[in-house]
**Student:** 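Below are the structure tokens for one structure; questions will follow.
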Amino acid sequence: MEFRELGRSGLKVSPLCFGGNVFGWTADEKTSFALMDAWVAAGFNFIDTADTYSRWVPGHKGGESEAVIGRWLAQGGGRRDKVIIATKVGMDLSKGPGLAPARIREAADESLQRLGIDCIDLYQAHQDDKDTPLEETLGAFADLVKAGKVRAIGASNYTAPRLAEALAVSRKLGLPRYESLQPLYNLYDRAVFEAELQPLCLKEGIGVINFYALAAGFLTGKYRTPEDAGKSKRGASTVGKYLNERGLKVLAGLDEAARRTGQSPARLAIAWNLSRPGVTAPIVSATSLAQLEDIVQAARLKLDAATLDVLELASAQ
């Protein structure tokens with residue numbers, strides 16, 4: 001496995017990151033444990049979650065995913081030493097501004113307790129909080145780093161201007177900077193990242209761990225009609241926006257590339273993502289070992305120029 005530097009954090013991560021939003025939701029605890037065991041056995045070391053996962057499920061309050069990961073780690077066997085754990089703060093606004101210093105400190109301790117660990121490898125601002133000055137947010141993250149509770153920090157869902165502003169504040173005040181960015185980026189959703197965020201990340205050496213690398217499963221090809229989307233818990237709420245002329249054109253390109261290479265659309269979509277400048281580790285997810293095996297193969301797949309041209313033509317904006 002070829003590990004990659006995540007920004008300038010010193011963290012070395014596998015070229016794919018497992019999205020833990022499914023843990024305790026569409027993957028029950030037993031399945032989640034099996035998935036994480038298989039992930040590590042395949043040579044990967046990067047797992048991402050958040051303190052809000054999976055608050056949207058009736059009866060859940062958030063933190064379920066972290067708790068599942070914590071119980072998996074508690075089984076021992078050197079599991080903690082084999083993984084880089086990333087989690088996030090700032091999406092739960094029930095206790096006030098998401099990135100206010102007091103909230104960050106409180107949320108970090110809660111995440112550490114659920115995960116059952118002493119230090120979060122990568123602690124990310126889940127979304128921008130314009131009501132809290134950046135120097136206060138970054139100062140709170142700095143305190144956590146100094147206390148040994150966090151190794152590195154990252155940002156998620158930031159615009160290019162706000163990320164640039166945050167980096168400038170870190171430089172000016174000598175505070176830890178956001179070493180990673182978690183943006184929306186895949187074969188369908190290209191425009192915003194490529195026009196604004198990608199140039200900034202390349203210039204500043206920011207690691208990119210983009211979410212929805214498979215567009216919530218749309219790029220696997222299993223959702224081609226509204227009826228298909230209605231068969232899945234995720235599909236009904238998230239895939240519908242991709243069922244349009246552009247989305248079907250992207251699927252047609254993936255189908256053509258699949259015929260050329262003998263690879264699945266999912267593998268091709270992920271391999272395309274891995275080929276993009278600045279991308280460190282796309283976030284992928286699975287709810288079964290069969291799905292996971294398909295994804296694992298993508299990390300070893302190198303696309304030839306002709307296949308990349310097919311996908312570029314189908315998805316260019």
Side-chain angles (χ1 to χ4, degrees), residues 17-37 39 46-75 79-80 83-132 136-137 140-141 143-144 147 149-150 153-158 182 184 209 211-212 216-217 232-239 283-288:
C17 178
F18 198 110
N21 62 319
V22 299
F23 299 150
W25 174 33
T26 49
D28 62 20
E29 186 160 308
K30 181 180 179 181
T31 302
S32 298
F33 282 15
L35 289 167
M36 285 185 275
D37 282 338
W39 188 246
F46 201 8
I47 298 173
D48 175 75
T49 185
D51 62 358
T52 55
Y53 298 165
S54 47
R55 193 178 179 193
W56 56 87
V57 177
H60 287 199
K61 60 181 181 180
E64 287 79 12
S65 172
E66 289 180 332
V68 169
I69 295 171
R71 289 190 288 272
W72 174 75
L73 291 171
Q75 295 177 100
R79 284 176 171 80
R80 179 64 186 104
V83 290
I84 298 294
I85 300 293
T87 191
K88 300 185 280 293
V89 57
M91 194 70 82
D92 180 3
L93 304 181
S94 64
K95 300 180 181 180
L99 297 180
R103 179 58 191 144
I104 289 175
R105 290 191 293 268
E106 178 185 39
D109 286 339
E110 291 171 348
S111 289
L112 285 166
Q113 183 176 16
R114 284 189 292 264
L115 290 163
I117 59 179
D118 298 322
C119 182
I120 297 166
D121 297 309
L122 178 66
Y123 201 33
Q124 303 159 94
H126 204 159
Q127 64 181 2
D128 192 8
D129 175 6
K130 294 182 180 179
D131 293 327
T132 301
E136 293 185 12
T137 293
F141 282 134
D143 290 342
L144 291 174
K149 294 181 178 182
V150 169
I153 61 172
S156 176
N157 295 301
Y158 271 52
Q182 193 170 139
L184 171 64
I209 50 176
F211 66 89
Y212 274 14
S232 165
K233 291 180 181 179
R234 296 183 70 189
S237 60
T238 57
V239 176
I283 297 174
V284 295
S285 203
T287 56
S288 71

**Student:** Do you know which two heavy atoms are closest between T132 and L99, and how far apart they sit?
**Tutor:** CG2-O, 3.5 Å
**Student:** Atom CH2 in W72, atom CZ in R79: separation rounded to 0.5 Å?
**Tutor:** 6.0 Å
**Student:** Would you check if there is a donor-acceptor pair between the side chains of Q124 and S156 at a distance under 3.5 Å?
**Tutor:** no
**Student:** Output the distance between atom CD1 (I117) and atom CD (E66), rounded to the nearest 0.5 Å.
**Tutor:** 8.5 Å
**Student:** Can you tell me how far CG of D37 sits from CD of Q75, rounded to the nearest 0.5 angstrom?
**Tutor:** 6.5 Å
**Student:** Can you name the closest pair of heavy atoms from A107 and V89 and give their distance?
**Tutor:** CB-CG2, 3.5 Å
**Student:** With sequence neighbours left out, write down each residue that passes side-chain contact (heavy atoms from CB on, under 4.5 Å) with T31, or none if nothing qualifies.
**Tutor:** A27, D28, L35
**Student:** Identify the two heavy atoms, one from D48 and one from K88, that lie closest to each other, and give their separation to 0.1 Å.
**Tutor:** OD2-NZ, 2.7 Å
**Student:** Closest approach of F33 and V68, non-hydrogen atoms and distance?
**Tutor:** CE1-O, 3.4 Å
**Student:** What's the spacing between I283 CD1 and I209 CD1 if we round to 0.5 Å?
**Tutor:** 5.0 Å
**Student:** Do D109 and K149 meet the salt-bridge criterion of a basic N to acidic O distance under 4.0 Å?
**Tutor:** yes
**Student:** Do you know which two heavy atoms are closest between K61 and E64, and how far apart they sit?
**Tutor:** N-OE2, 2.8 Å
**Student:** Quick one: are Y53 and V22 in side-chain contact, heavy atoms under 4.5 Å?
**Tutor:** no
**Student:** Looking at CZ of F23 and OG of S285, how far apart are the two atoms once the value is rounded to the nearest 0.5 Å?
**Tutor:** 6.5 Å
**Student:** Could you tell me if the side chain of V83 sits less than 4.5 Å from the side chain of L73, heavy atoms only?
**Tutor:** yes
**Student:** Any non-hydrogen side-chain atom of I47 less than 4.5 Å from a side-chain atom of W39?
**Tutor:** yes
**Student:** Could you tell me if the side chain of H126 sits less than 4.5 Å from the side chain of N157, heavy atoms only?
**Tutor:** yes
**Student:** State, without any angle test, whether T26 and T287 hold a side-chain donor-acceptor pair at a distance under 3.5 Å.
**Tutor:** no
**Student:** Hey, what do you get for CZ (R55) to CG (D92), rounding to the nearest 0.5 Å?
**Tutor:** 4.0 Å
**Student:** Check the angle between the aromatic planes of Y123 and F141 and answer parallel, tilted or perpendicular using the 30° and 60° thresholds.
**Tutor:** perpendicular
**Student:** Are E110 and D51 side-chain neighbours, meaning at least one heavy-atom pair lies under 4.5 Å?
**Tutor:** no
**Student:** Do F46 and L122 come within less than 4.5 Å of each other through their side chains, counting heavy atoms only?
**Tutor:** yes
**Student:** Nearest heavy-atom pair of I84 and D121: which atoms, and what distance?
**Tutor:** CA-OD2, 3.3 Å
**Student:** Counting only heavy atoms not in E106, do more than 12 sit closer than 6.0 Å to its CD atom?
**Tutor:** yes
